Each structure stands twice: as structure tokens, then as C-alpha cells.
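Every heavy atom of this structure was used, including side-chain atoms; hydrogens, water molecules and symmetry mates were not. Just follow the structure's listing: the first ligand is 1, and inside any ligand the first atom is 1. All values derive from a computational prediction rather than experimental measurement. Throughout, residue positions are numbered sequentially from 1 according to the sequence presented.
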Amino acid sequence: MGPSPVTLTRFILEKQAAPPGATAEFSALMAQIGLVGKMIAQVLRRAGLVNVLGVTGEINVQGEAVKKLDELANDTFLKVFQHSGLVCALASEELEKPVHLPENWPHGRYILLFDPLDGSSNTDVNMPLGTIVSVLRYEGTGGLPSEPELIRKGTHQVAAGYLMYGSSTMLVFTAGQGVHGFTLDPGVGEYLLSHENIRMPRAGKVYSANEGNYHKWPPGTRRFMDYLKTPDKATGRPYSARYSGCLVADVHRILLDGGIYLYPGETDKPEGKLRLLYEANPLAMVVEQAGGQASTGTLRILEVEPKGLHQRVPLIIGSREEVSLAEQFIQGMK
Ligand code: AHM
Ligand code: MG
């Protein structure tokens, strides 16, 4: 018989893998995030059978067509958290404004900023999807946080993580003491520790980017891409291309195997596509905690001063060597 399985809750309680001074509360929060993941995964497994594919007909705050599954994932978050007594504010990619939690409802100190369903273009084609969560703690006295109080630099996150709906469902998170991965065992309905203390390789052999946009990229970004593809035995080039259309899945591969993911700024759209507060910041915290790096090309992601809830940012994330090299190309030093 092997060692007894370690559940998410047991791990957080025993290893103190929580922000300082908050073990029990944080373990309850993570269990509820896990529950959201189980509920979304349950629907995704049967998606082609239960009329949840396609669009709702709505356009969201980002100007994107809302998929039925985007709406369903967002509603799942709200159902699980609104009355949980664990949070004092919720904000989502799918909602223009933070969710209003009436004063007379139970509240906790946590603020969750989330992308309920990442990789929405994959919904109807049975490809990987994810959920991304950024966790802040409200330190204000009295009342509930106002919208500007949710718009904090990434360095203020107390925890961050993602769920990945791939061939297995996984929950990967950090509370500032390393990155830990759990795999959902559907038979027992529990997340079991499968990847303790993930460390990213210093360099990898994979790049992940939507190269269809190559001609929209500024010259430094194009030169970096050309470099990755130029054969050179000494440095092990060319790199292999892997791009799923789901940020979580692409970053997950890189977290485990090394390499670089880029959604850079474009000449006519320097802010890029991805959102700072609930996509770039949480993944940057995870990747940094595993020994990697995340940059806009000129600035550490976690140091970007946010101005709005749905602000976009160029994202270059992955192993230290490739991200540093990308910065040198983008800044014109190479
Ligand atoms: P979404 O949150 O609306 O799904 O958008 C984010 C997604 C990322 O998961 C993915 O890496 C990227 O957008 C794909 O964009 P593109 O189709 O332009 O390559
Ligand atoms: Mg997304």
C-alpha cells in the first residue's frame, strides 16, 4: 500500500500553505474554489449533450460574444461565493462592475477577481479550458471595499491560482509559499495532491503565441520570434510551437516543462489582449512562485499600476531565461 492520499484541505491545514494568520479561513476559501471547479468540470464533461454549447447572444464588457458556458461558469462562481461568508467583494471578466454584496449578507475578508472560463474559443470544440482566480484581502475598516479598493497591484495578492479542465481537472495555487498542484479524482470527488512544490525549469524548448498576429507585432517582438525559430545546435533551437488557445493550459505546460508564452502588444494595440487583474496577475504570481518570470516586455507584471478593473496588458510569461531574452529583444538591446 502506498502513502495515504493528501486532500487539498489536509494539505493547507498541515503544511500551513496559507497566507500568514489565516489557515482555516483560507482552507475554506480554497475548498469553495475547488467546488466551483467541480461544478464547472461536471458540466464540461457532458457539454455536447446538454445544450450548453454556442453563444447566448449577449456581448460582454470586453466587446466579446458571451458563450453559454462563460455565463454558466460565472453564475457558478456567484452561487458558490455570494452567501459563503468568505468574501467581501467579487469581480469577474464577465461583469462590467464588481458584484454588489448587500451589507446584511455574511462577509469575509477576501476579495476574488476571476476569469470564470478562460479560453472561450475552445468551448465548442472540446479543447482545454480554465478558470483563473486572484485573491486579495481587504484590510479596510468597516463596510465593504469600494471598486477602487479592488484595483490593486499584483504584489498585493495574497494567493492566486487556476483550475484547468483538460484530460484531468487540476487545481494549481500559491499562497506565497510555493506552488502546489492537485488533481481531481472524480471517483471520490476530492482534489488530491499530485504536484507538490512545482519548480519551473530555468529554460525550455517550447514557445506559445498566436503567430497569426506576427505582422501586427512591433519589430522587437518579431525579431524574438525569428530568433526562437532559427536553427542553432549550440542553444538547442529551433523551439517547438505549442498553442492551445487557452492561456491556462499553455501556461500550465510551461510551468511544468519550461518555455515561454507571449500575448504581446501590437503596433496598433499596444495594451495587448489579456486582462491584468484576473489573468496576468494571478498567473504571474504562480509562475514567479515556481521560479519563473512574468513581464510586459519592459516591466514586471506584478508591478504594473492598474487603472481599471478590465485593463489589458501585454503578457510574456514563463522560464526566466526566455522571458529575460524576450525583454532584451523588445527593449531593442538585441
Ligand atoms: P478569454 O478569457 O475571453 O477566453 O480570452 C483569453 C484567451 C486566452 O486563454 C488565450 O491565450 C487567448 O485569449 C487566445 O486569444 P487568440 O484567439 O487571439 O489567440
Ligand atoms: Mg481568459
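- Only the side chain of K273 comes within 4.0 Å of ligand 1, counting heavy atoms alone; its backbone N, CA, C and O stay farther away.
- Close contacts of ligand 1 with Y261, meaning ligand atoms under 4.0 Å from a residue heavy atom, involve 10 (C), 11 (O).
- Atom CZ of F114 and atom CG of L95 lie 6.5 Å apart (nearest 0.5 Å).
- For the pair OD1 of D118 and OE2 of E279, the angle at the Mg ion (ligand 2) is about 120°; rounding is to 10 degrees.
- When non-hydrogen atoms are compared, ligand 1 lies under 4.0 Å from neither the backbone nor the side chain of D250.
- The atoms of ligand 1 that sit less than 4.0 Å from any heavy atom of Y243 are 11 (O), 12 (C), 14 (C), 15 (O), 16 (P), 19 (O).
- For Y278, no heavy-atom contact with ligand 1 is shorter than 4.0 Å.
- Under the 30°/60° scheme for interplanar angles, the aromatic rings of F182 and F11 are found to stand perpendicular.
- For Y138 and H107, the ring centers sit 6.0 Å or farther from each other.
- Look at E211 and K229 and you find a salt bridge, because one of the NZ, NE, NH1 or NH2 atoms lies within 4.0 Å of a carboxylate O, short of that distance.
- In summary, the atoms of ligand 1 found under 4.0 Å from a heavy atom of E64, numbered by their order in the structure, are 3 (O).
- Of the protein's non-hydrogen atoms, Y263 OH, 2.6 Å is the one closest to atom 18 (O) of ligand 1.
- In this structure a side-chain-to-backbone donor-acceptor pair under 3.5 Å is present from E279 to R275.
- A 4.5 Å side-chain heavy-atom check between L192 and T7 finds at least one atom pair inside the cut-off.
- Side-chain atoms of S319 come within 3.5 Å of backbone N or O of G259 as a donor-acceptor pair.
- When atom types are taken as modelled, the side chain of N60 and the backbone of V66 share no donor-acceptor pair closer than 3.5 angstrom.
- Residues L255 and Y162 have side chains in contact (heavy-atom distance under 4.5 Å, counting atoms from C-beta outward).
- Within ligand 1, counting atoms from 1 as listed, the ones closer than 4.0 Å to a heavy atom of C246 are 9 (O).
- The aromatic rings of Y278 and H310 lie perpendicular to each other, with more than 60° between the two planes, well past the 30° mark.
- Contact annotation: for S120 versus ligand 1, heavy atoms closer than 4.0 Å belong to both the backbone and the side chain.
- Residue-level check: among N/O/S atoms of D115, OD2 sits closest to the Mg ion (ligand 2).
- Using a 4.0 Å cut-off to heavy atoms of N210, the atoms of ligand 1 that qualify are 16 (P), 18 (O), 19 (O).
- Of the options D118, T131, N122, L247, the smallest heavy-atom separation from atom 6 (C) of ligand 1 is shown by D118.
- No part of N213 comes within 4.0 Å of ligand 1, judged by heavy-atom distances.
- Contacts with ligand 1 closer than 4.0 Å are made by no heavy atom of K67, backbone or side chain.
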